Amino acid sequence: YRLTAGLLALVLAGPVFAGDLSYNFVEGRYQKVEFDAGSIDVDGDGFGIGGSFEINENVFAVASYSTADFDFGIDLNQLSFGVGYHVDVSPNADFFATLSFVRAEVEASGFGSEDEDGFGLAIGMRGMVSDQVELFGTLSYVDLGDDDGTAIGGGALYSFTDTFALGANIEFDDDVTTYGISARLYFGQ
């Protein structure tokens, strides 16, 4: 909660920068995942692709796919797609919320695979703190049958041009910490 509140205070107190936040983009990312739950401690890494597409002035569609390979031959694949809504809270910041369908599959070498469907909810803030730097923070909840979790995350994007940005992010809950880097391409500008 502190990360999102801090981002909101920083963005609202800062000067106004030109340009609207775009919800038309695709991005690729590399991520490192650390899972630590009691006696279970495994690390993994993987790749993902995701994006967003504006449906109208405030509504957008979201989709993502990610895969991570963990120690001991364990793989995690996750697919999500849904809709979101955003509203300006200042000339340089947006509040957003998303609702998504989520499918996760875990494969263990020699043991087969298990999959689960569920849903995800997220709220967050995006804001420009300069002409080229965007900060964002999220609070998310995912329910996958018997498993559910709440995570907090945040990060930054640096725009080299109107259509290309590089970023870094981190997200954590009680058992999992994920951090990574991303490359984002904006379209429809």
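Small disclaimer: the values here were computed from a predicted structure and weren't measured.
You'll find the ring centres of F95 and H86 outside the 6.0 Å limit.
In this structure, D71 places its CG atom where more than 12 heavy-atom neighbours from other residues, nucleotides or ligands lie under 6.0 Å away. Annotation: F160, atom CZ; neighbour count of heavy atoms from other residues, nucleotides and ligands within 6.0 Å is above 12.
A single hydrophobic cluster is seen to contain both F187 and L166, as judged by linkage of ILVMFWY side chains at heavy-atom distances under 4.5 Å, directly or through other members. F35 and I74 fall within the same hydrophobic cluster, defined by Ile, Leu, Val, Met, Phe, Trp and Tyr side-chain heavy atoms under 4.5 Å apart, directly or through other members. Cluster membership for L135 and Y158, using ILVMFWY side-chain heavy atoms within less than 4.5 angstrom, is shared. The same ILVMFWY cluster, assembled from side-chain heavy atoms under 4.5 Å apart, contains both V33 and V42.
Taking OG1 from T138 and CE from M125, the interatomic distance works out to 12.0 Å, rounded to the nearest 0.5 Å. In this structure, F96 CZ and L21 CG are separated by 10.0 Å, a value rounded to the nearest 0.5 Å. Here CG of L139 is found 6.0 Å from CD1 of I152. Values are rounded to the nearest 0.5 Å. Rounding to the nearest 0.5 Å gives a distance of 12.5 Å between CD of Q132 and CG of L157. The OG1 atom of T67 sits 6.0 Å away from the CG atom of D75 when rounded to the nearest 0.5 Å. To the nearest 0.5 Å, atom CZ of residue F25 and atom OG of residue S182 are 9.0 Å apart.
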Exercise. Can you list the steps and then say if N24 with Y186 is a side-chain contact (heavy atoms from CB on, under 4.5 Å)?
Worked result: CA-CA 6 Å; N24 287 322; Y186 294 99; over 6 Å; no
Exercise. Would Q31 and S66 satisfy side-chain contact (heavy atoms from CB on, under 4.5 Å), going step by step from the backbone distance to the final call?
Worked result: CA-CA 9 Å; Q31 59 191 14; S66 64; 3.8 Å; yes
For this session: Report the C-alpha distance between V83 and T98 in whole Å, list the side-chain angles of each, state the deciding distance to 0.1 Å, and finish with yes or no for side-chain contact (heavy atoms from CB on, under 4.5 Å).
Result: CA-CA 6 Å; V83 296; T98 61; over 6 Å; no
Problem set entry | Criterion side-chain contact (heavy atoms from CB on, under 4.5 Å) on F164 and L185, from CA distance to verdict | CA-CA 5 Å; F164 178 71; L185 293 174; 3.7 Å; yes
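When atom types are taken as modelled, the side chain of S100 and the backbone of V102 share no donor-acceptor pair closer than 3.5 angstrom. Looking at N169, its side chain never comes within 3.5 Å of a backbone N or O of E171 through a donor-acceptor pair. Using a distance-only test at 3.5 Å, with no hydrogens or angles considered, a donor-acceptor pair links the side chain of S130 to the main chain of V133.
Nearest heavy-atom pair across Y85 and F60 is N-CE2, 3.4 Å. The two residues G118 and L144 make their nearest non-hydrogen contact at N-CD2, 3.6 Å.
Of the N and O atoms on the side chains of N77 and E107, at least one donor lies less than 3.5 Å from an acceptor on the other residue. Side-chain polar atoms of S90 and N92 form a donor-acceptor pair below 3.5 angstrom.
For the ring-ring contact (aromatic ring centres under 6.0 Å, His included) test, no residue two or more places apart in sequence or in another chain qualifies with Y179. Evaluation of the salt bridge (Lys or Arg N to Asp or Glu O under 4.0 Å) rule for E27 yields R29, R184 as partners, not counting sequence neighbours. For F81, the ring-ring contact (aromatic ring centres under 6.0 Å, His included) partners are F101, not counting sequence neighbours. The side-chain contact (heavy atoms from CB on, under 4.5 Å) test applied to D173 returns A151, D175, V176, not counting sequence neighbours.
Under the 4.5 angstrom side-chain criterion for Ile, Leu, Val, Met, Phe, Trp and Tyr, the cluster partners of Y141 are L99, F119, L121.
Pairs passing the side-chain hydrogen bond (donor to acceptor under 3.5 Å, both in side chains) check and including a residue from residues 42-58, sequence neighbours excluded, read Y30-D45.
Salt bridge annotation for R126-E134: present, with a cationic side-chain nitrogen under 4.0 angstrom from a carboxylate oxygen.
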